[in-house]
Amino acid sequence: MKRNELWRVRRRASVTIRLGVLAACLAAILGVATTVLAQHRMHGQPAKEDRNHPWMNASLSPDERANMVLKEMTLDEKIDLLHGMGMPGWPREVENPEPELGNGGAGFVLGVPRLGIPIVQISDAAYGVRSSAENGRYSTALPANIAAAASWDPEAACAFGMVIGKELRAQGYNMTLGGGVNITRDPRNGRTFEYLGEDPVLAGTLVGNLMKCEQAQHVIGDIKHYAVNDQESGRNEVDSIIGKRELRESDLLAFEIGVGIANPGAVMCSYNSWNGDFACENKYLLTDVLKKEWGFKGFVVSDWGGTHSTVKASAAGLDNEEPLDEFFGAKLKAAVEAGKVSTAELDDHVRRVLRSEFACGIVDHPTKKSVPDIEGDLATARKIEEQSAVLLKNAGGLLPLSGQAVMSIAVIGPHANEGMMSGGGSAQVDAPGRPSAGWQAQVWFPPSPIKVLEAKFPVANVQFDSGANPASAAALAKKSDVAIVFAYQWMSEGMDLENLSLPVKQDELIEAVAAANPKTIVVLETGTAVTMPWLDRVGAVLEAWYGGSKGAEAVVSILFGNANPSAKLPMTFPQNEVDLPHPQLVKPGPGQTGEAAVMKTGEAKPTFSVKYDEGLKVGYKWYDAEKKAVLFPFGYGLSYTTFAYSGLKVTAGRDTTVTFTVRNTGKRDGAEIAEVYAALPASAGEPPKRLVGWSKVWLKAGESKDVNVSVDAKYLSIYDETGGGWKLVPGSYTFMVGGSSQELPLSARADLK
Ligand code: BGC
């Protein structure tokens, strides 16, 4: 068994003195740095932290500051910055000699106290800070990342990131491992809930805004898992095979956009390999594209246990091995001493780590443990969920329910008396009032829907049935004004879903309840698409995703019209698994998992492969091109009001602008996510259309607004492998505008040269 899987099972100066004095005085005068002498231990020895240095002058650039520190460092100090010091529970032969320096997160990287360089304390934090239970702390669970994607709202993504950044620092962390942006090639991928959907422009824009705002709280930001880690089955051994053009225009475009917006301090390379070379030792991915082409200035950190070599990984562009020092500790030092890794290469790794520490503000703003703004963060979590739950069906305007008219409510579902579902694995946030649930346990966040409903409608008759016996649930539904079924699908890192059906016979339960009462509302708590064999029989469907700490309140406020839904699907809901590009998930065969299998030849090699031969046709692009009907299309979502589109104008050129008018034609205020797609000229060889922009428009009942969407030239371009770059294909482009990828009432052609 591979080490990290095992862990899962177990639980988972050359500066002159004169210059120094001058700069320190300057810094003191500017009030930008202080001199702190603190005691801690490094390598078992007491170490004084000295912050009295010229590079503490925050008016210098991060590059200048990093270079100044680098010149002062010994080889051992440099090596210290290039690997982790272990994760609680991660097995190692020699235990971490300095466990007391850790903060209980995913690990830490030693600092250089004599030079004022702090320890990097790292935590997972996909939809909230992980591991709070075992550390006796508090973390807010935001809605799952896929939910945040459904808001299509860069401001909501920013608020999401800010909450996490602030709570990380309150807990003593200065680096996040959030920022997952692998695009949804297969909705059965167990981590779909941690990612931002199937479209690279939407996912990249949102992860970029999320991480920009998280990092602004003075934590080192991270975007992960780079790249093509698009399934969990055999993730440590799988070779993801896909051509360069397809890669650049899909999976990598999401990273390119995200990295461009956030300038994250770190990018995490993934476990899998791409076209034969493991991501954490893949020169094309790490150096040619990320560092050179995109100009990424931060450091590449390996996924936990994802490093496979010293010299090859270092040359390819890996900067920091996590969570330990198997390849980037003594072996890296020996390789430097033997001349197998040049000092320039070593220094580049170190400079990148130092630069991120300065650029992200963790040197200038040491963490101070504090009490988080729990009320404020919960309010943000609720607001985001209200903007993220997608109304999929609302027959005859069943919703919103009227608190006055509905006197009896049947609340049905296996956990509707317990709480709201959350996603598992390293993303898991611990629920308040309970111990840590451990690796891959199902965690339900209180309060339960039934409690929230009872509190909101003290005079109504609110009754619960778990649905264990569909007949009894149906009987309760029959005698109630409405039935609300809270149905779930649990997902986690480290596993994929076998299929997209609701588990534990919930389809049967919904059929029985809907047969008894047509006013049946299904609230889905899922991290991905699900099939809905009962869709025609129910009155309404709300996709609530994993709703976070305020999930139940947000859902109830939507059901009763206190909030008007505005979210749209960031991924297609297919009718059936047979319509997926790969109806069968490819899994590793016998003997194809584990470190021994990967290291059989001495050099790390993947043991099996997944051919992403659908290439560019990810998500809606696949269904469009293959002319397959879907259950709910990408970009789809209802509101309690209605919108009309008119007046499309396209100004095409280097700067393309799409202008149109959206009018709220209904009786309620609401927000519409207006989507802009483009069809490229036939000679481009692209799927029928792609999302190139959108705008979320808030409109009062009856109000109209003119909307301008500027379209980045890259979003209209193709990646030309032979020419080695992005290019606009000259010809006629069709721009389409509307409220879903399949409802685009406006269309106009424009020629681009
Ligand atoms: C996951 C990463 C995570 C890391 C540390 C890995 O198994 O793939 O997403 O950040 O563990 O927990």
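Whatever order the structure lists ligands and atoms in, that order sets their numbers, starting from 1. For the numbers below, each heavy atom of this structure counts, side chains included, while hydrogens, waters and symmetry mates do not.
- For H225, the heavy-atom gap to ligand 1 drops under 4.0 angstrom.
- Listed by number with element, the atoms of ligand 1 under 4.0 angstrom from any heavy atom of W304 are 4 (C), 5 (C), 11 (O).
- Interface atoms of ligand 1 facing R191, defined by a heavy-atom separation under 4.0 Å, are 1 (C), 2 (C), 8 (O), 9 (O).
- Counting only N and O atoms by type, the side chains of S492 and E232 include no donor and acceptor under 3.5 Å apart.
- Against a heavy-atom cut-off of under 4.0 Å, R235 is close to the following atoms of ligand 1: 7 (O), 8 (O).
- Pairs of residues two or more places apart, or lying in two chains, never qualify as disulfide (SG to SG under 2.5 Å) while including a residue from residues 173-211.
- The side chain of E493, and not its backbone, has at least one atom closer than 4.0 Å to an atom of ligand 1 (non-hydrogen atoms only; side chain from C-beta on).
- No option in K605, Q592, H308 other than H308 meets the side-chain contact (heavy atoms from CB on, under 4.5 Å) test with V598.
- Residue R130 approaches ligand 1 through these ligand atoms, each under 4.0 Å from one of its heavy atoms: 12 (O).
- Judged as a side chain to side chain donor-acceptor pair (under 3.5 Å), the pairs with a partner in residues 196-207 (not counting sequence neighbours) are, in order, E198-T572, D199-Y620.
- Close contacts of ligand 1 with M87, meaning ligand atoms under 4.0 Å from a residue heavy atom, involve 12 (O).
- The aromatic rings of H218 and H365 sit parallel to each other, their planes meeting at less than 30°, with 60° as the upper class boundary.
- Looking at D222, I220, L81, V267 one by one, the single match for side-chain contact (heavy atoms from CB on, under 4.5 Å) with F299 turns out to be I220.
- The aromatic rings of H349 and F328 are tilted relative to each other, their planes meeting at an angle between 30° and 60°.
- Set against the non-hydrogen atoms of M268, the atoms of ligand 1 under 4.0 Å away are 10 (O).
- Taking a cut-off of under 4.0 Å to the non-hydrogen atoms of D303, the atoms of ligand 1 that pass are 1 (C), 2 (C), 3 (C), 4 (C), 6 (C), 7 (O), 8 (O), 11 (O).
- Ligand 1 does not have E194 within reach: every non-hydrogen atom of the residue lies 4.0 Å or more from it.
- Below 3.5 Å of separation, one finds an N or O of K224 facing an N or O of ligand 1.
- Surrounding NZ of K312 are more than 12 heavy atoms belonging to other residues, nucleotides or ligands, all under 6.0 Å away.
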